Amino acid sequence: IPAFIVGLTICALGTSAPELAVSITAATSGSNSLAIGNVLGSNFFNLMVVLGVCAMINPIPVTKTLLRRDYPVSIAAMTLLSVFLMSDADVSRVEAGILFSCLIGYIVWTIIDTKKHPDEAGIEEEEEEAFVAWKCALWIIGGAIAIVLGGDLVVESAKYLGSSIGMSEKLIGFTICAIGTSLPELVTSYTASKKGQNDMAMGNVIGSNIFNILCILGISGMITPIAIGDANLNATLIDCGINMGVCILAYIFCITDKKVERWEGGVLVCIYLAYMVYNIVKDLF
């Protein structure tokens with residue numbers, strides 16, 4: 001299995017575990033704006049900061065598969081979420097089921113497509129290493145548990161801090177919770193980029209964004225419908241539009257020269273900082 005597919009699936013699912021825990025807890029406790037804000041903020045952080053920082057370390061080459069299949073899926077997922085929210089200002093159980101079904105279909109498509117186009121997936125003959133199944137399983141399970149516990153500690157402390165200075169639930173979800181739950185993506189992609197595994201770094205970012213919408217909102221919405229209400233609808237749709245805009249911008253960066261250059265990574269990070277300052281100032285003042 002190529003590193004890119006590992007990043008899209010195993011790494012993306014593992015690093016999205018904190019978002020899943022936070023969004024389910026928020027949805028079941030009635031904090032729906034926080035659940036939606038956490039997902040949108042995490043996707044924004046992944047594209048702007050995680051991808052931007054990794055590109056600034058090492059320019060990230062982009063595979064044909066990502067441009068042809070995975071990136072369009074992430075754009076389509078955001079579009080589908082926006083349509084659901086515009087229709088009735090919530091994600092119903094049926095709509096959540098549709099999101100989760102799309103995730104299953106995407107995973108199946110990824111596996112089948114990888115077998116049909118191994119050259120695009122970057123599968124190469126590599127020197128075999130000693131494989132110990134129990135050790136690999138232990139590291140995966142232990143790492144996933146540590147990710148969830150660490151993410152929860154960051155988020156709970158951040159929520160208390162945000163509430164104490166008067167931040168709204170939506171802003172807490174979009175900024176503090178999103179950054180806290182996205183730290184695993186940043187660490188995983190940063191480590192992969194430093195080791196020269198740029199395919200895994202890129203796959204983790206795009207895969208996490210797909211999982212955040214299709215899996216996290218899918219599971220959370222099937223447990224309890226996520227209603228944001230008409231009062232928060234416009235602000236949420238604006239965040240969806242901003243997410244779509246930066247997603248397209250990053251896609252343009254990927255298309256040009258088939259890689260994300262250092263200066264392009266810097267642009268992404270600067271856009272993130274500017275938008276966060278705007279949101280904080282608008283909410284607090």
Side-chain angles (χ1 to χ4, degrees), residues 1-23 38-63 65-66 70-71 73-74 77 103 106-107 110 114 121-122 126 129 135-155 158 176-216 246-247 250 253-254 259-260 262 265 268-269 272:
I1 303 176
F4 181 69
I5 301 301
V6 174
L8 273 172
T9 54
I10 298 174
C11 286
L13 179 59
T15 56
S16 291
E19 284 95 335
L20 180 60
V22 169
S23 292
N38 180 43
V39 168
L40 294 179
S42 293
N43 280 17
F44 196 71
F45 185 88
N46 288 343
L47 269 179
M48 300 287 98
V49 178
V50 178
L51 180 59
V53 168
C54 290
M56 290 169 69
I57 296 171
N58 286 314
I60 301 178
V62 182
T63 64
T65 303
L66 182 134
D70 305 301
Y71 214 120
V73 169
S74 69
L103 174 69
Y106 167 70
I107 293 175
T110 298
T114 300
E126 297 181 357
E129 298 180 6
K135 187 179 293 185
C136 290
L138 180 63
W139 280 116
I140 290 174
I141 295 172
I145 292 173
I147 284 172
V148 174
L149 293 177
D152 283 346
L153 286 173
V154 171
V155 169
I176 300 176
C177 284
I179 294 172
T181 56
S182 292
L183 291 178
E185 280 90 344
L186 179 59
V187 173
T188 300
S189 293
Y190 173 82
T191 302
S193 182
K194 290 288 286 185
K195 292 182 178 180
Q197 293 282 354
N198 293 313
D199 281 357
M200 184 177 290
M202 191 71 180
N204 182 43
V205 168
I206 302 303
S208 292
N209 282 10
I210 294 172
F211 271 79
N212 284 347
I213 295 176
L214 300 184
C215 179
I216 292 172
V246 297
C247 196
F253 287 164
C254 291
K259 62 181 176 180
V260 182
R262 284 190 173 90
L268 295 177
V269 172
Y272 178 83

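Values in this document were obtained by computation on a predicted structure and should not be read as measured data.
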Taking C-beta and beyond as the side chain, do Lys259 and Ile60 meet within less than 4.5 Å on heavy atoms?
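Sidechains of Ile60 and Lys259: no contact.
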Please examine the side chains of Ile216 and Phe211, heavy atoms only from C-beta on, and report whether any two atoms are closer than 4.5 Å.
no
Say you draw a straight line from [atom1] of [X] to [atom2] of [Y]; how long is it, rounded to the nearest 0.5 Å?
X	Y	atom1	atom2	result
Asn43	Asn38	CG	CG	9.5 Å
Leu186	Ser193	CG	OG	10.5 Å
Cys254	Ile206	SG	CD1	6.5 Å
Met48	Cys247	CE	SG	8.5 Å
Met202	Leu66	CE	CG	5.0 Å
Leu268	Tyr272	CG	OH	13.0 Å

Partners meeting side-chain contact (heavy atoms from CB on, under 4.5 Å) with Leu138 (sequence neighbours left out):
Trp134
Under the side-chain hydrogen bond (donor to acceptor under 3.5 Å, both in side chains) rule, collect the residues that match up with Asn209, sequence neighbours excluded.
Asn46
Exceeds 12 heavy-atom contacts within 6.0 angstrom, atom OH of Tyr190
no
Do we see a donor-acceptor contact under 3.5 Å between the side chains of Asn212 and Ser42?
no
List the steps and the verdict of side-chain contact (heavy atoms from CB on, under 4.5 Å) for Tyr106 and Asp70.
CA-CA 9 Å; Tyr106 167 70; Asp70 305 301; 2.7 Å; yes
Among residues at least two apart in sequence or on other chains, which ones pass ring-ring contact (aromatic ring centres under 6.0 Å, His included) with Tyr71?
Tyr251
How far apart are the C-alpha atoms of Asn204 and Thr188, what are their side-chain angles, what is the distance that settles it, and do they pass the side-chain hydrogen bond (donor to acceptor under 3.5 Å, both in side chains) test?
CA-CA 8 Å; Asn204 182 43; Thr188 300; 4.7 Å; no
Please check this pair: side chain of Arg262 against backbone of Ala55, looking for a donor-acceptor N/O pair closer than 3.5 Å.
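Checked: no pair found.
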